[in-house]
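Before any comments, here is the structure.
From a predicted model like this one, the values you see are computed outputs, not experimental measurements.
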Amino acid sequence: MQTPTRSASHYRNASGNNAAALRPSSTHNQRSVSESLTSHKDSSKPIAPNNNNAYPYTTSNSNLHPLPRAGSRTASRAASRVLSRGSFGFPAPSGSNGIASSTPQRRTSLSRSTSRSSSRLSLSSVGTSSVSSSRIPSNTIYSDSPLSLSTLENNSQRRSSRIRVTVRPCPLSSEQNGRNMPIPWNIDCTSSQIEHPDLGFFQYDHVFATLDDNQCVFDVVASPVIEQCLDGYNGTIFAYGMTGSGKTYSMRGVVRNSVSLLFDKFGRTSPRESTAGDMMDQDNSWINENVFNDDTIVAASGSKKKINYMTCSILEIYNEKLNDLLAEDNKNVRFPNILSDLRIVDDSKFGISVRGLREVRVTSTDQLLALIDQGESLRCTDSTDYNYRSSRSHFIIMLKLFMEDGEGTEVVSSLNFCDLAGSERATSHTDRRKEGGYINKSLLALGTVITKLSENVGNSANVHVPYRDSKLTRILQPSLSGGSMVSILCTIQLGLNVVGETTNTLRFGLRAKNVVLSVRQNTADNDVGKLLQENENLKLEIAELRSLLEMSNGNTTDGVGINNKTDLCVDRDDVYYELVAENNILNEQVEHLKRLQLEDNIIRLQHCNEELGNLNNLLGGLDLDPGTRKKGEEILRRMERELRENNNRFNEIESYVGHLESRIRVSEIELARYRQLQQPDQLDSSTTVLNTVATLNSSALKRADQAKDELLEELHEEIAELKQSMRRKDAMIRALQKAGVVDGP
Ligand SMILES: Nc1ncnc2c1ncn2[C@@H]1O[C@H](COP(=O)(O)OP(=O)(O)OP(=O)(O)O)[C@@H](O)[C@H]1O
């Protein structure tokens, strides 16, 4: 069996210098993609699709220019200029609002003023499903500076922020250049648009030129997020795109520049102007002098907080298993089978946490970079049809910044970098196919989560967000549900042969761009502000309850007359609607669980049956050679493992159902409380609504209960079935042992 490799430092020069591989060597090929994009003379005309290089943007050989050094600022500026000249000039269609939808847009005017209606529901009490992004003031304006995170609503604790989406096209390889591969995309960096003659325009927060270097990518993608982190917000930056499109290349640059910024900014040494070029020495190793003495990183003047120290954890998700790449056991281990399979658990402070994940305290650039190198060297990679060194796992670096504000209280912000594994079409190799299956499944789950979140924006009905569908979405859950400023870098390939994959990435980016998060600012655990805030909330709750009580007695505290009753009823409606919505979500979760469970188990049982069939065949021919005997043993072991996994999964689901049950119970108590409050008010016509809602609510609860019971029943049946198949398997093992095919116990 071919095992993916985990080798060190294969991307050592991530800051533009290893672009040499892609740089055309002969004069004939000395054209960048961006330059070639400009060769289309009359680009304002509508374009008819055609075969045989008939796309307007081709790598023709006319107009040859010497290629600027990949990664140089001159190159990126030149590329931006050249690309902008090659852009189209369609007038903006009337009625366009500049907000990306999940379908590509025709060119729009670049004005971004848009209003959104506010949402009625707030489900902040629903842990796994809540998207705190749902309340958006109707008069909000989307700001659109590419270098700052969009902020819709701002106060010291919370900030509404869109997910920022940027796109980086990968330069054509020298081989693609050599073949004059047609490029069906037009990239307009000035208006941040990408256009396809048949598919239309795609608009983002920023689109990079093919020759923009990693420093430039860092400036746009990561630097604003880090600024926010230093202000007490959490930050998450991830790269998404098909295999071979430059995710790892870009994220390595982003991570290294981020580390440099964090330490430069807060270090004792004076900050220096750093560029991607000067960060690597001749040997491509990291140059660093910033070591912090006394474990203390001192804030530069003008900054509100100083970092006392940071911690770093690095993990990968490989075939839906979480591996700790800094685990002490893994030191110098070159093969994946020793890495542990960690579990994700709910965490009141950080949303989720990974049980047993090692957190290393870091106080210097060198130390942090060494850890990142260690993580990268252990990450699963292998060659695929598109990338000779493809990442086969999602790679996540988690930093926690332990900071101190002016009053000496500690604030912790987290900063996550995710280099996702790339989506890909089915490959010929079995192991790669299996990995690809896991990768695609988790990326699909991420896509669904993003779609649901974008549907939630400004919607009156909150949508259930299936974070639990994959480890990746579960890990990203705290970030995507309002815990973090999020910046997504979509990397794309421009070749004609991968238009489908590129379009998928671009569509994913558009959907993500629609997501608005209400991001919480971290405050100190013992922060007086936090206590005051809690007090405020309690006061509001008491006031609400008091007015409800007084309403039910026909009085009002402030002498406001009967006309205001309707308002108070509306408040009460809100509470009921929230409870109804919460129960609907619980219902959905149960339904979803049921679906997952059924689909999964049908596949698993089919698999078990197939394996049993294999065993039967083996039993059929007892005169076995050693090869077949070995195969028999392998099948038996696999079956045992699978059945064990099944059992574990059942247990997991049972405990989750238990969790749902307790949530439903809490919900019932809440409902009872509100029903009680409602009693004396029965005759008031305005309470008819409440009664209807209460009825709806209790029937939702009944349905949730019923669905849960059915699920439990099904689970018991399936466990019984599995036990039976285990007994059959045991009988077969005994028969095989008797026949001498496998060794006895
Ligand atoms: N912007 C770029 N400039 C120069 N070279 C690049 C650029 N982007 C990618 N490359 C090169 O392209 C190749 C593939 O890139 P990379 O491994 O980063 O892709 P990936 O998206 O991470 O792929 P996978 O999902 O398979 O891991 C690498 O050799 C990398 O150096």
Side-chain angles (χ1 to χ4, degrees), residues 11 13-40 57-87 146-147 166-178 180-195 204-222 239 241 244-254 256-257 274-280 489-495 502:
Y11 287 130
N13 182 353
S15 300
N17 300 347
N18 72 347
L22 299 183
R23 204 179 303 146
S25 51
S26 69
T27 323
H28 175 77
N29 289 331
Q30 275 185 343
R31 281 174 55 75
S32 67
V33 178
S34 50
E35 285 164 336
S36 67
L37 290 177
T38 62
S39 60
H40 178 55
Y57 329 115
T58 58
T59 52
S60 76
N61 289 327
S62 61
N63 241 346
L64 295 179
H65 299 290
L67 184 73
R69 188 175 75 83
S72 73
R73 283 188 171 279
T74 329
S76 58
R77 275 197 296 271
S80 301
R81 272 200 310 276
V82 172
L83 282 167
S84 66
R85 264 189 273 123
S87 67
L147 289 173
T166 48
V167 178
R168 184 183 204 186
C170 183
L172 288 193
S173 66
S174 46
E175 190 228 327
Q176 288 170 321
N177 258 330
N180 279 343
M181 176 174 275
I183 298 169
W185 305 97
N186 184 42
I187 296 167
D188 184 348
C189 301
T190 8
S191 59
S192 302
Q193 288 186 341
I194 296 179
E195 188 234 350
Y204 300 93
D205 294 302
H206 189 87
V207 174
F208 294 98
T210 43
L211 291 185
D212 278 348
D213 61 15
N214 276 341
Q215 174 72 38
C216 177
V217 172
F218 162 77
D219 288 343
V220 177
V221 172
S245 56
K247 294 180 297 299
T248 305
Y249 179 87
S250 304
M251 283 310 283
R252 288 200 90 225
V254 163
R256 275 147 179 77
N257 281 299
S274 53
T275 63
D278 72 26
M279 283 183 201
M280 299 286 173
L489 174 68
C490 293
T491 54
I492 55 167
Q493 290 206 30
L494 297 172
T502 298

Is a side-chain donor or acceptor of Lys247 paired with a backbone partner of Gly241 at a separation under 3.5 angstrom?
-> yes

When rounded to the nearest 0.5 Å, the distance separating CZ of Phe218 from CG of Leu489 is 13.5 Å

When rounded to the nearest 0.5 Å, the distance separating CD of Gln493 from CG of Leu172 is 8.5 Å

(message) Assess the residue pair Phe208 and Ile187 against the criterion (side-chain contact (heavy atoms from CB on, under 4.5 Å)); give the C-alpha distance rounded to whole Å, side-chain angles, the decisive distance to 0.1 Å, and a yes or no.
(response) CA-CA 9 Å; Phe208 294 98; Ile187 296 167; over 6 Å; no

Rounding to 0.5 Å, atoms CD1 (Ile194) and CG (Leu494) come to a distance of 7.5 Å

Taken to the nearest 0.5 Å, the spacing of Thr210 OG1 from Ile492 CD1 works out to 10.0 Å

Nearest heavy-atom approach of Asp212 to Arg168 is O-NH2, 2.8 Å

Would you please test Val207 and Thr166 for side-chain contact (heavy atoms from CB on, under 4.5 Å) and show each step?
CA-CA 6 Å; Val207 174; Thr166 48; over 6 Å; no

Checklist entry - Is the closest side-chain heavy-atom distance between Asn257 and Gln215 below 4.5 Å? => result yes

Minimal heavy-atom distance between Pro169 and Val167, with the atoms involved, is CD-O, 3.8 Å

In terms of heavy-atom contacts, Pro184 and Gly495 come closest through CD-C, 4.2 Å

The reported gap from OH in Tyr204 to OG in Ser191 (rounded to nearest 0.5 angstrom) is 12.5 Å

With sequence neighbours left out, the residues meeting side-chain hydrogen bond (donor to acceptor under 3.5 Å, both in side chains) with Thr491 are Ser245

Closest heavy-atom pair, Cys170 versus Gly244, reported as atoms and distance to 0.1 Å, is SG-O, 4.2 Å

To the nearest 0.5 Å, atom CG of Leu211 lies from atom SG of Cys216 at 11.0 Å

